[in-house]
Amino acid sequence: MLIAGTETTAVTLEWTMSNLVNHPDILNKARAELDTHVGEERLVDEADLSKLPYLQNIISESHRLYPAAPLSVPHMSSDDCRIGGYDVPRDTMLIVNAWAIHRDPNLWDDSDSFKPERFESGQVEANKLMPFGLGRRACPGEGLSQRMLGLTLGLLIQCFQWKRVSEKEVDMTESQGLTMPKAIPLEVLCKARPIMNSKVLCEDI
Ligand code: HEM
């Protein structure tokens, strides 16, 4: 439960921040969305998340390219069945490669690029995502985790300016592990934005 609930969300946040510092234009657009819909007089909160579709699209795009459970969790067929043209006997272990599906060029335009805008076209794209699994055994923590990711990312962008430690792009190599960690942990520079000095922040805390 600890790994399922914390490591997955933390790893997703690290991949998302890595993508953002490698794409400052996308980071700026997310900051502009926060400044427009939340402003600089108070901190973002849960009720704001529905007004921040671009922030949500950034999270979806991170789930797509860097799913925290790339091979999901093994399942077993409870009966004979047919999947994608293959006969699968009862009691076969099935592993879904979400990582490969999320990068399949037949399903996604420019599939290896980080483009949150692809989710602006509506629900069709979002329906192709499966970072939390599908069906009866899908992740019960999806709602909690999506809120945690939205709030944490929103606060990080609202409160700090972020940039890479050098001109060189952040290395995006994946390492091995249950939750697909980064091979090289993220290091970034941050500078407090004016909201951090404001009286409002002290009152919010
Ligand atoms: C980015 C965050 C997360 C991701 C990507 C994620 C992904 C997944 C995936 C792919 C599964 C397997 C689904 C399947 O078998 O088809 C799973 C199961 C599970 N997750 Fe998550 N998860 C996340 C966060 C959380 C959180 C925050 C909690 C709880 C607080 C949680 C609790 C669980 C539990 C208990 C299961 C096992 C469910 C079962 O076997 O019936 N997860 N998760």
Side-chain angles (χ1 to χ4, degrees), residues 1-22 26-27 30 44-46 48-50 52-79 81-84 86 88-104 107-108 111-112 114-116 118-119 123 125-157 170 172-183 185-186 188:
M1 189 70 177
L2 276 180
I3 292 182
T6 53
E7 186 66 16
T8 45
T9 309
V11 159
T12 304
L13 199 56
E14 188 179 6
W15 283 116
T16 309
M17 287 302 290
S18 304
N19 275 310
L20 288 179
V21 290
N22 277 349
I26 295 177
L27 179 54
V44 59
D45 71 26
E46 208 175 317
D48 297 311
L49 294 179
S50 59
L52 302 168
Y54 194 65
L55 188 76
Q56 187 51 58
N57 292 344
I58 288 172
I59 294 169
S60 297
E61 186 67 337
S62 286
H63 281 315
R64 185 182 74 82
L65 285 172
Y66 304 96
L71 296 179
S72 191
V73 170
H75 286 242
M76 190 172 290
S77 52
S78 51
D79 217 333
C81 57
R82 202 170 164 78
I83 303 176
Y86 293 91
V88 180
R90 178 194 173 104
D91 292 340
T92 305
M93 187 190 283
L94 296 162
I95 295 177
V96 175
N97 189 341
W99 185 93
I101 294 168
H102 286 178
R103 289 178 183 243
D104 185 344
L107 294 177
W108 308 90
S111 58
D112 285 333
F114 185 74
K115 284 187 179 168
R118 71 175 77 244
F119 291 102
Q123 201 53 34
E125 296 296 289
N127 286 347
K128 293 190 283 188
L129 278 182
M130 51 177 80
F132 296 96
L134 295 170
R136 274 189 298 177
R137 296 300 294 270
C139 176
E142 175 174 356
L144 172 65
S145 144
Q146 289 292 79
R147 282 196 295 281
M148 283 198 299
L149 284 169
L151 268 185
T152 313
L153 191 63
L155 285 167
L156 288 173
I157 297 173
V170 168
M172 300 298 277
T173 311
E174 298 145 2
S175 180
Q176 289 167 357
L178 216 57
T179 55
M180 201 174 81
K182 285 185 87 254
L186 174 66
V188 271

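Note that ligands are numbered from 1 as they come in the structure, with each ligand's atoms numbered from 1 the same way.
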Location of contacts on Thr8 toward ligand 1, heavy atoms closer than 4.0 Å:
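It is both parts that get close, each with some atom under 4.0 Å.
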Ligand-side contact atoms (ligand 1) for residue partner [X], heavy atom cut-off under 4.0 Å:
| X | answer |
| --- | --- |
| Ser145 | 1 (C), 2 (C), 24 (C), 27 (C) |
| Ala69 | 10 (C) |
| Gly133 | 10 (C), 16 (O) |
| Thr12 | 1 (C) |

Give me the residue, atom name and distance of the protein heavy atom closest to [atom].
| atom | answer |
| --- | --- |
| atom 38 (C) of ligand 1 | Pro140 CD, 3.6 Å |
| atom 32 (C) of ligand 1 | Ala4 CB, 3.7 Å |
| atom 6 (C) of ligand 1 | Phe132 CD2, 3.6 Å |
| atom 40 (O) of ligand 1 | Arg137 NH2, 2.9 Å |
| atom 18 (C) of ligand 1 | Cys139 CA, 3.8 Å |
| atom 12 (C) of ligand 1 | Val73 CG2, 3.4 Å |
| atom 30 (C) of ligand 1 | Leu144 CD2, 3.7 Å |
| atom 7 (C) of ligand 1 | Pro131 O, 3.4 Å |

Would you check whether His75 reaches within less than 4.0 Å of ligand 1, judged by its heavy atoms?
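Yes, His75 has a heavy atom closer than 4.0 Å to ligand 1.
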Val44 to Gly154 - nearest heavy-atom pair and separation
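So the two residues come closest at CG1-C, 3.8 Å.
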Between Ser77 (side chain only) and Pro89 (backbone N and O only), is there a donor and an acceptor less than 3.5 Å apart?
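Between the backbone of Pro89 and the side chain of Ser77 there is a qualifying donor-acceptor contact (under 3.5 Å).
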Is a side-chain donor or acceptor of His102 paired with a backbone partner of Met130 at a separation under 3.5 angstrom?
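Answer holds: yes.
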So [Y] and [X], do their side chains get closer than 4.5 Å, heavy atoms only?
| X | Y | result |
| --- | --- | --- |
| Ile83 | Leu94 | yes |
| Lys128 | Ile101 | no |
| Leu55 | Ile157 | yes |

Mind telling me whether Tyr66 and Trp15 have parallel, tilted or perpendicular rings, with 30° and 60° as the class edges?
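It falls in the parallel class, under 30°.
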Can you see whether Phe114 has Arg103 sitting over its ring - NZ or CZ less than 6.0 Å from the centre and within 45° of the normal?
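No.
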Member of Glu7, Gln146, Met148, His63 meeting the side chain to side chain contact (heavy atoms under 4.5 Å, CB included) criterion with Thr12
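Filter result, single survivor: His63.
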